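See structure below.
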Amino acid sequence: MNEIKLVIAGPRGNMGREAVTLTQETEHFSLVAVIDSKHDGKWLSEVDGMPELDIPVYTDIKQCFTEQKPDVLIDLTSPEIGKIHLEAALDHGVRPVIGTTGFTQEEIDRLRTKAEDKGIGAIIAPNFAIGAILMMKFAQTAARYMPDVEILEMHHDRKLDAPSGTAHKTAQLISEVREAKKQGHENETEDLQGARGADMEGMRIHSIRLPGLVAHQEVIFGGPGQTLTIRHDSINRASFMPGVRLSVETVLSLDTLVYGLEHIIE
Ligand SMILES: NC(=O)C1=CN([C@@H]2O[C@H](COP(=O)(O)OP(=O)(O)OC[C@H]3O[C@@H](n4cnc5c(N)ncnc54)[C@H](OP(=O)(O)O)[C@@H]3O)[C@@H](O)[C@H]2O)C=CC1
Ligand SMILES: O=C(O)C1=N[C@H](C(=O)O)C[C@H](O)C1
């Protein structure tokens, strides 16, 4: 396979560190720069706690793209910054692989049009873990037969967004096969605000944040006299790296934006 020139945004984060390691362990991946808002102009080796790599650190992503001309951007920053970086990548003909969440359907549609106009690929992956993709697919299948469903997502207590991108995507996939339906009953009350969770087409999404957790989700279906629970656990961030690698390799041959790795692992 030809060498792929990569830039990682957010290299000091939990995910960014794993991604830096991935680039060092993958023969055809070449990390040419990183984007870090606090260490402009340094080498990665000069940043506390980072590996001894002579890789330039940029704050300005546009300058980085102009000078380094990477093939692919991996963004593992925050929902707000991920959106800005995705747009900047498309503007510079760099293929974005975005792990951050929080994109609306309107934003995805607009960015897809932009990627297609530019004739380059882009991937937004709410979850890179293969087990999580399977959980979502199995949940969509189960919802055809058991439309009464609620989602419980559990994450570490440093997570910025709620609900998780994975829970949101799961609900979207389920709503493709389930008629909108309010779980519970018409007369139920919420005696404490938020007790019944977020509402997406009547499906309830409950978000738990605790130290000790990484990323976990249960999709719970109910029917007369029975329940079905589909659960996935990421017990460390290494669980996401095969999906990051697959995304980087795949985005080069796409000419549109793909939202969700379920469209790629087929
Ligand atoms: N798709 C998936 O499978 C997964 C996605 N995620 C998502 O990935 C993102 C990162 O997660 P995680 O690593 O746990 O979070 P962390 O908070 O550990 O890391 C985020 C990093 O992004 C950096 N950052 C923030 N703003 C900028 C910027 N403008 N330019 C460059 N770097 C910036 C932060 O730096 P600083 O310390 O200076 O603020 C921090 O080092 C989150 O949005 C999370 O939801 C997480 C796991 C899996
Ligand atoms: O912030 C995280 O940690 C995670 N974010 C993604 C999400 O919001 O679904 C993926 C995974 O759940 C971990």
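Counting starts at 1 for both ligands and their atoms, following the listed order. As the structure is a computational prediction, the values presented were derived from the model and not from experiment.
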Surrounding CD of Gln105 (heavy atoms of other residues, nucleotides or ligands, distance under 6.0 Å), is the total greater than 12?
yes
Please write down residue, atom name and distance for the protein heavy atom closest to atom 6 (N) of ligand 1.
Gly99 O, 3.7 Å
If we number the atoms of ligand 1 from 1 as shown, the ones under 4.0 Å from a heavy atom of Ile35 are 31 (C), 32 (N)
At what distance is the nearest protein heavy atom to atom 9 (O) of ligand 2, and which residue and atom is it?
Thr166 OG1, 2.5 Å
Tell me whether atom 15 (O) of ligand 1 lies less than 4.0 Å from at least one protein heavy-atom position.
no
Looking only at heavy atoms, which two atoms of Val94 and Val72 are closest? And how far apart?
CG1-C, 3.8 Å
Note the single closest protein heavy atom to atom 6 (C) of ligand 2, along with its residue, its atom name and the distance in Å.
Pro126 O, 3.5 Å
Does Ala125 come within less than 4.0 Å of ligand 1, judged by its heavy atoms?
yes
Of the backbone atoms (N, CA, C, O) and the side-chain heavy atoms from C-beta on, which set of Ile81 has a member under 4.0 Å from an atom of ligand 1: side chain, backbone, both, or neither?
side chain
So which heavy atom in the protein is nearest atom 1 (O) of ligand 2, and how far is it from that ligand atom?
Lys159 NZ, 2.8 Å
Just which atoms of ligand 2 are under 4.0 Å from any heavy atom in Thr101?
7 (C), 8 (O)
Ligand-residue contact atoms, ligand 1 with Lys159, heavy atoms, under 4.0 Å:
45 (O)
To which protein heavy atom is atom 3 (O) of ligand 2 closest, and what is the distance rounded to 0.1 Å?
His156 NE2, 2.9 Å
Is the shortest N/O to N/O distance between Phe240 and ligand 1 below 3.5 Å?
no
Counting only heavy atoms not in Leu210 (residues, nucleotides, ligands), do more than 12 fall under 6.0 Å from its CG?
yes
Heavy atom under 4.0 Å from ligand 1: found in Arg158's side chain, backbone, both, or neither?
neither
Among Met15, His155, Arg158, the residue with a heavy atom nearest to atom 13 (C) of ligand 2 is His155
Let me know which of Asp91, Asp60, Leu73, Ile35 forms a side chain to side chain contact (heavy atoms under 4.5 Å, CB included) with Phe65.
Leu73
Salt-bridge test for Lys159 and Glu153: reply yes if a basic N is under 4.0 Å from a carboxylate O, no otherwise.
no
Out of Gly13, Ala19, Ser247, Pro11, indicate the one that has the non-hydrogen atom closest to atom 41 (O) of ligand 1.
Gly13
I'd like the name of whichever of Thr101, Asn14, Thr77 reaches closest to atom 42 (C) of ligand 1 through any heavy atom.
Thr77
Who's closest to atom 47 (C) of ligand 1 heavy-atom-wise, of Met15, Met241, Lys38, Arg12?
Met15
Checking heavy atoms under 4.0 Å, the part of Thr59 that sits near ligand 1 is neither
Among protein heavy atoms, which lies nearest atom 7 (C) of ligand 2, and at what distance?
Gly165 N, 3.4 Å
Below 4.0 Å, non-hydrogen atoms only: which portion of Ala129 touches ligand 1? Side chain, backbone, both or neither.
neither
Would Leu76 and Phe128 count as a side chain to side chain contact (heavy atoms under 4.5 Å, CB included) here? Give the steps.
CA-CA 11 Å; Leu76 301 163; Phe128 286 113; 4.2 Å; yes
Counting non-hydrogen protein atoms only, what is the nearest one to atom 23 (C) of ligand 1? Give residue, atom name and distance.
Gly10 CA, 3.9 Å
Flag: protein heavy atom within less than 4.0 Å of atom 34 (C) of ligand 1
no
Under 4.0 Å between heavy atoms, the region of Phe128 that gets near ligand 1 turns out to be both
Shortest non-hydrogen pair, Gln217 vs Ser164, comes out as OE1-OG, 4.2 Å
Residues Lys169 and Glu262 bridged, charged N to O under 4.0 Å
yes
Residues Asp48, Arg12: salt bridge by 4.0 Å N-O rule:
no
Within-cutoff protein neighbour (heavy atom, under 4.0 Å) for atom 44 (C) of ligand 1:
no
Have a look at ligand 2 and work out which part of Ala215, if any, has a heavy atom under 4.0 Å from it: side chain, backbone, both or neither.
side chain
Backbone or side-chain N or O of Ala167 under 3.5 Å from ligand 2 N or O
no
Any side-chain heavy-atom pair of Leu246 and Ile130 under 4.5 Å
no
